[in-house]
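The block underneath contains the structure these notes are about, expressed in structure tokens.
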Amino acid sequence: MKSADRTKKLRDMSPDELERQEGEMNEQMFKLRFQWAMGQTESLKRMRELRKDRARLLTIMREKK
């Protein structure tokens, strides 16, 4: 999915949905970092995408406040 599509999807969410999504992203990021530290995954690309998506989400949450 392109970043513009992800951004549009996030902008259409309500503030409650955005907070729930942030919690899910934080959990996913924790799991990926843990797997990376243990040498169980090679998903650096997924970690980067997730970090950027989380930044987009936080930006949109701040815009809505």
Side-chain angles (χ1 to χ4, degrees):
M1 184 184 304
K2 292 185 179 181
S3 63
D5 295 337
R6 289 186 200 125
T7 304
K8 183 177 181 332
K9 181 180 164 187
L10 290 173
R11 288 192 190 280
D12 292 339
M13 290 182 174
S14 70
D16 292 334
E17 290 174 324
L18 289 172
E19 288 180 20
R20 186 170 26 86
Q21 185 73 21
E22 180 189 10
E24 291 173 8
M25 284 183 174
N26 288 338
E27 186 176 328
Q28 287 177 357
M29 193 66 182
F30 173 78
K31 289 178 182 177
L32 285 173
R33 279 194 314 250
F34 189 82
Q35 288 175 350
W36 181 262
M38 298 298 291
Q40 295 176 351
T41 186
E42 303 289 326
S43 62
L44 184 60
K45 181 179 177 183
R46 177 66 185 134
M47 288 173 62
R48 287 177 180 162
E49 288 176 358
L50 189 59
R51 191 171 58 232
K52 289 178 183 181
D53 287 343
R54 185 173 175 272
R56 284 185 193 100
L57 177 108
L58 293 173
T59 300
I60 291 169
M61 284 176 67
R62 288 185 182 103
E63 286 176 354
K64 289 192 175 199
K65 286 186 179 180

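Start at 1 with the first residue, then count along the sequence. Excluded from the calculations below are hydrogen atoms, water molecules and symmetry mates; all remaining heavy atoms, backbone and side chain alike, are included.
Between N26 and R54 there is a side-chain heavy-atom pair separated by less than 4.5 Å. Between F30 and E27 the shortest side-chain heavy-atom distance does not fall below 4.5 Å. In this structure, the side chains of R46 and E49 come closer than 4.5 Å at one or more pairs of heavy atoms. Between E17 and R20, the closest side-chain pair of non-hydrogen atoms falls below 4.5 Å. Proximity of K9 to D5: side-chain heavy atoms (C-beta onward) are nowhere separated by under 4.5 Å.
With side-chain heavy atoms closer than 4.5 Å counting as contact, directly or through intermediates, the hydrophobic cluster containing F34 also holds M38.
Interatomic distance, CE of M25 versus CG of D53, reported as 5.0 Å (0.5 Å rounding). The distance from atom CD of E22 to atom CG of L10, rounded to the nearest 0.5 Å, is 11.5 Å. Between the CD atom in E19 and the OG atom in S14 there is a gap of 9.0 Å [rounded to 0.5 Å]. Separation of atoms CZ (R62) and CG (L57) is listed at 9.5 Å; rounding is to 0.5 Å. The line from CZ of R56 to CZ of R11 is 10.5 Å long, rounded to the nearest 0.5 Å.
Across all their heavy atoms, M29 and L50 have their closest contact at N-CD2, 3.4 Å.
Within 6.0 Å of NZ in K64 there are more than 12 heavy atoms belonging to other residues, nucleotides or ligands.
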